[in-house]
Amino acid sequence: MTHAPAMEGLSQDSEPRHGPVKPARPAALKRRRRRENLAGYLFMSPWIAGFLLLTAGPMVASLYFAFTDYNLFDAPKWIGLDNFSEMFGDPRWRHSVQVTLWYVVVGTPLKLLAALGVALLLAQSRRGQAFYRAAFYAPSLIGASVSVAIVWKAIFSDDAVVDRTQKIFGINVGGWTGDPDMIIYSLVALTVWQFGAPMVIFLAGLKQVPRELYEAAEVDGAGKMRRFWNITLPMISPVLFFNVLLETIHSFQIFSSAYIVGGGAGSNACGPADGSMVYTCYLYVQGFENSRMGLASAMAWLLLIAVALVTAVLFWSQKRWVHYEEGAR
C-alpha cells in the first residue's frame, strides 16, 4: 500500500524525467539538406560539365556564328541576316530541302510499314521466335555505321549485285549510286532495311492489346482486316505516334549514309549531280569543305526550327488519331 502513489504516478501520461524529445531545429535540417544536395550535385557534376561544354556551349556559339562571316581561321565578323538571305537564294540549298523532304515523306512511312508488318508476324507464337526477332533487329544496330554504308554503295554500284539482278529481269538502268535519279532510292532502301528498332516498339505495343477484344470481334463475325483497322490500330496508336515522331526526326538528320553512298568527298560528296544532297550533307559541305562555318551554323539552326515545327504539328495532330486509355494521357 505504501507504493501505490508511485505506481499511480507511472500510469499517468506524464513526460519522462529527462524531459520531452526535442524536434530537430530548422537550422540543422537546412544544413542536412544542403549536404544532401551538395552530394547529389557532386555526382551529377560530370554530366553537367559535359552538357555545358559539349552541348549548351557549342549551341550558344553556333547561334552567334549564324549571324557572322566565320571561316574557322579568322575572327568572326558580324553580318546580321546575310547568311539567311544567301541561303534562301541558293538553288543548291533549295534542292537539298527538296531531297530531304522527299526522303522523309517516302522513307519514313515505308520503314514504319515494314516494321509494323514484321511485328504483326512476330507477335504470333511460332518456333524460333526469339531468333527471328534478333535477326530482324540486328540491322538497326549496325545500319548507321560507315562500314555498312560502304558495303551498301558497293551493292548498288555498276555491275554489282543489284545491277546484275535487274538485268536478269531485263531492266538495264545501271547501278543506282551512279545515277542522280536513282541514288536517293538506295538511301530509302537502306533506311527501310533498318526497321528493327521501330519493329521492337510495335511488338511491345501489340503484346499489350487485350485478347478479349479479338475474341469478341470474332464472335461478331469481324474478319482479319476489320479487326486490324478497328482494334489493332486504335490500341497501338500511342506506339504508332511515338514511332512516327522518332523516325521523322531521325530522317531529317540523315547524314553518314548519304555522304558515304554519295561519294564522300569532292564535287560528288553528296551524290552525282547532287542526287543524294540531303540537308545535312550540304550543311557539311558548306561548313567543312567550303570553310563557311557561319553559313553552316545558320543552316543548322534553321533545321532545328523546322524539326521543332514538324514535332509541334505531330503533337497537335495526335488529338485526332491517337487513342489513349482513360486517364493515361
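Values below: every heavy atom of this structure, side chains too, minus hydrogens, waters and symmetry copies.
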- W152 versus S186, side-chain donor and acceptor atoms under 3.5 Å: no

- Query: Do Y103 and F252 make the cut of ring centroids closer than 6.0 angstrom?
  - Reply: no

- Task: Please answer whether the main-chain N or O of G271 pairs with a side-chain N or O of S276 as donor and acceptor at a distance below 3.5 Å.
- Result: yes

- Item | Hydrophobic cluster membership, L121 vs L233, 4.5 Å side-chain cutoff | no

- Message: Is there a path of hydrophobic side-chain contacts, each under 4.5 Å between heavy atoms of I/L/V/M/F/W/Y residues, joining L52 to W47?
- Response: yes

- Measure the acute angle between the ring planes of W176 and F156, then classify it against the limits of 30° and 60° as parallel, tilted or perpendicular. tilted

- Looking only at atom types and distance, does a side-chain atom of H95 sit under 3.5 Å from a main-chain N or O of D274, one as donor and one as acceptor? yes

- Message: When you compare the side chain of Y70 with that of L72, does any pair of heavy atoms fall below 4.5 Å?
- Response: yes

- Item | Considering all heavy atoms, the nearest V173-Q166 contact | CG2-NE2, 3.2 Å

- Message: Between W102 and Y185, is the ring centroid distance below 6.0 Å?
- Response: yes

- Grab the two heavy atoms, one from A217 and one from I231, that are nearest each other, plus how far apart they are. CB-CD1, 3.6 Å

- When the ring planes of Y284 and F255 are compared, do they come out parallel, tilted or perpendicular, using 30° and 60° as the limits? tilted

- Task: Heavy atoms only: give me the nearest G196-S140 pair and the separation to one decimal.
- Result: N-OG, 2.9 Å

- Note on the structure: In this structure, CG of N83 is separated from CG of D90 (nearest 0.5 Å) by 11.5 Å

- Has the side chain of D163 got a donor or acceptor atom that lies under 3.5 Å from a matching backbone atom of S157? no

- Message: Is there a path of hydrophobic side-chain contacts, each under 4.5 Å between heavy atoms, that joins M199 and F131?
- Response: yes

- Taking all heavy atoms of S96 and all of T100, pick out the closest pair and write down the distance. O-OG1, 2.8 Å

- Verify same cluster id: I48, F51 (apolar side-chain graph, 4.5 Å): yes

- Taking F241 as the fixed residue, which of F202, F315, Y324 is the one that meets the ring pair (Phe, Tyr, Trp, His ring centres under 6.0 Å) rule? F315

- Item | Residue of the set Q194, E247, H250 for which side chain to side chain donor-acceptor pair (under 3.5 Å) holds with K111 | E247

- Query: Would a hydrophobic clustering, with Ile, Leu, Val, Met, Phe, Trp and Tyr connected at side-chain separations under 4.5 Å, put F84 with I79?
  - Reply: no

- Angle class for the F195/F136 ring planes (parallel below 30°, perpendicular above 60°, tilted otherwise)? tilted

